[in-house]
Structures are given as structure tokens and as C-alpha cells.
Amino acid sequence: MKTIETGPLIDDLAISENALAGIILRAKSFGAIVPESDPRESSNGSDDRMIDALEDQLDNPARMSLEKTINNLSDEQRNTLVALTWVGRGDYSAAEWKEALSIAQDRDGTATSHYLSEIPMLADHLENGAAELGINVTDAKAEILTHDQNPDPMRALK
């Protein structure tokens with residue numbers, strides 16, 4: 001694990017930098033989605049220049065991909081994502097990491113994948129949370145996006 005001078009040392013983040021980078025990239029893809037403009041619209045994609053592909057709907061491929069990836073993680077990894085999100089949006093500081101992680105573990109309610117996919121700017125919060133803990137995911141993201149054996153960068157995340 002990489003640390004920066006000002007960041008605290010987290011012995012075990014429970015999720016690798018590569019896995020975190022992949023989730024951030026999926027969250028960025030989903031973050032480009034806009035609210036549905038007309039839920040009763042009856043035109044097809046060719047009529048509206050495929051604008052619907054960018055609308056937030058339950059069957060949106062970007063949402064489904066993000067949620068599937070999160071669902072495939074262990075409970076410990078999902079709790080880490082929740083705690084990172086909270087640190088990244090300022091609910092907890094890096095010094096309060098253990099408390100945030102503990103509360104994430106005790107969180108009841110919505111499935112973690114759905115909970116996280118409903119948070120605006122999730123990718124930014126995850127990146128900020130990682131940075132607060134001294135974890136730099138920039139290199140891992142670049143590796144996923146530029147790997148020469150991977151003509152489709154998002155395939156690496158499947």
C-alpha cells in the first residue's frame with residue numbers, strides 16, 4: 001500500500017488499490033448519467049438519438065455494472081467502500097477511520113450496492129476518502145485504462 005507523508009497509515013484497507021480504482025472508474029461512468037427526462041416517453045432509441053442511454057433508469061447498464069461489481073465484493077470490502085465514501089464527503093476525518101468503518105459494519109437497511117449507487121458524486125467521494133487515508137489510486141486507474149492487452153479498458157473491471 002502506498003502512503004503519502006501527510007496521510008495516516010492504514011494497515012489493512014480490505015480492498016486493493018486496483019479494485020478500488022476499478023470501482024471508481026465504474027462510478028465515474030455511472031456519474032455521467034442524468035435524471036430521466038420523460039418516464040412515459042414511447043419513442044425508441046433511434047428516434048431520440050440514443051439520449052435515453054444517458055438517463056438514470058433501474059436497467060441502466062452503467063448502474064447495473066457498478067452494482068454488480070460492488071455485490072461481488074466481500075462484506076468487509078463493501079463496508080470499506082462505505083467508510084471511504086463517508087470520509088471522502090467529510091462525514092468522518094481520516095483520524096476517525098476506525099469509527100467510520102465500525103459504523104459501516106453496523107449499518108442496516110439498503111443493500112450496499114444500491115446505497116452507494118444512490119450517492120451523488122460517489123467516485124469523487126471514494127477518491128477523496130482514499131486520498132485522506134494516504135492512498136493514491138491514480139496509477140491503478142491509469143493502468144486499467146491504458147493496459148496494452150486490454151483494448152476495452154472497462155473489460156478489466158468485469
Side-chain angles (χ1 to χ4, degrees), residues 1-35 53-58 60-158:
M1 174 177 60
K2 298 175 186 172
T3 59
I4 56 175
E5 289 183 55
T6 59
L9 178 62
I10 303 301
D11 292 329
D12 183 17
L13 189 62
I15 190 167
S16 72
E17 289 178 16
N18 285 343
L20 179 57
I23 290 167
I24 289 170
L25 290 171
R26 287 192 186 283
K28 284 182 182 285
S29 175
F30 178 61
I33 304 300
V34 297
L54 296 175
E55 291 186 347
D56 186 11
Q57 299 171 6
L58 289 177
N60 184 285
R63 174 191 288 269
M64 291 172 25
S65 176
L66 174 63
E67 289 185 359
K68 179 180 178 184
T69 301
I70 293 170
N71 284 333
N72 287 333
L73 298 174
S74 70
D75 288 341
E76 186 178 9
Q77 291 171 319
R78 287 192 297 266
N79 293 332
T80 297
L81 288 179
V82 170
L84 271 175
T85 301
W86 292 344
V87 168
R89 72 178 182 194
D91 297 338
Y92 294 90
S93 68
E96 299 170 310
W97 170 250
K98 288 187 181 193
E99 179 184 355
L101 190 56
S102 175
I103 292 174
Q105 291 167 344
D106 293 338
R107 189 183 69 80
D108 288 329
T110 327
T112 302
S113 60
H114 184 72
Y115 170 74
L116 289 172
S117 70
E118 291 291 315
I119 295 176
M121 298 173 48
L122 174 63
D124 293 338
H125 295 318
L126 288 170
E127 281 183 309
N128 293 340
E132 286 290 317
L133 297 177
I135 299 160
N136 182 349
V137 294
T138 304
D139 291 342
K141 287 189 323 187
E143 184 179 330
I144 290 169
L145 292 173
T146 61
H147 193 277
D148 63 349
Q149 298 297 314
N150 185 20
D152 178 4
M154 296 311 280
R155 269 189 75 177
L157 307 177
K158 293 180 182 172

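Being a predicted model, the structure only gives us computed values, none of them experimental.
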Is there a side chain to side chain contact (heavy atoms under 4.5 Å, CB included) between Tyr115 and Glu118 once you walk through the steps? CA-CA 5 Å; Tyr115 170 74; Glu118 291 291 315; over 6 Å; no

Kindly indicate, with the supporting measurements, whether the criterion side chain to side chain contact (heavy atoms under 4.5 Å, CB included) is fulfilled by Ile135 and Leu84. CA-CA 11 Å; Ile135 299 160; Leu84 271 175; 5.5 Å; no

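A salt bridge does not link Glu67 to Arg26: none of the charged nitrogens lies less than 4.0 Å from a carboxylate oxygen.
None of Leu116, Ile70, Asn72 except one satisfies the side chain to side chain contact (heavy atoms under 4.5 Å, CB included) rule with Arg78; the exception is Ile70.
No side-chain heavy atom of Leu81 sits less than 4.5 Å from a side-chain heavy atom of Thr112. Within the 4.5 Å cutoff, no side-chain heavy atoms of Arg107 are placed close to those of Ile103. For the pair Asn128 and Val87, the minimum side-chain heavy-atom distance is 4.5 Å or more. Ile15 is not listed as a side-chain neighbour of Glu76, based on a closest heavy-atom distance of 4.5 Å or more.
In this structure, Ala14 and Gln77 approach most closely via the heavy-atom pair O-CG, 2.9 Å. Contact record, Ala83 with Ala104: N-CB, 4.1 Å, taken as the closest heavy-atom pair. Considering all non-hydrogen atoms of both residues, Trp86 and Ala100 come closest at CZ3-O, 3.6 Å. For the pair Ala27 and Leu66, the tightest heavy-atom approach, listed with the atom from each and the gap, is N-CD1, 3.9 Å. When all heavy atoms of Asn136 and Glu17 are compared, the closest pair comes out as O-OE1, 3.7 Å.
In this structure, the side chain of His125 engages the main chain of Pro120 through a donor-acceptor pair within 3.5 Å. Formation of a donor-acceptor pair under 3.5 Å by the Thr80 side chain with backbone atoms of Leu13 is found in this model. In this structure, Glu99 contributes its side chain and Glu96 its backbone to no donor-acceptor pair below 3.5 Å.
For Trp97, there are no ring pair (Phe, Tyr, Trp, His ring centres under 6.0 Å) partners, not counting sequence neighbours.
The structure places CD1 of Ile23 at 10.5 Å from OG of Ser65, a figure rounded to the nearest 0.5 Å. The CE atom of Met64 sits 12.0 Å away from atom OG of Ser113, with the distance rounded to the nearest 0.5 Å. Going from atom CG of Leu20 over to atom CD of Glu127 covers 8.5 Å, rounded to the nearest 0.5 Å.
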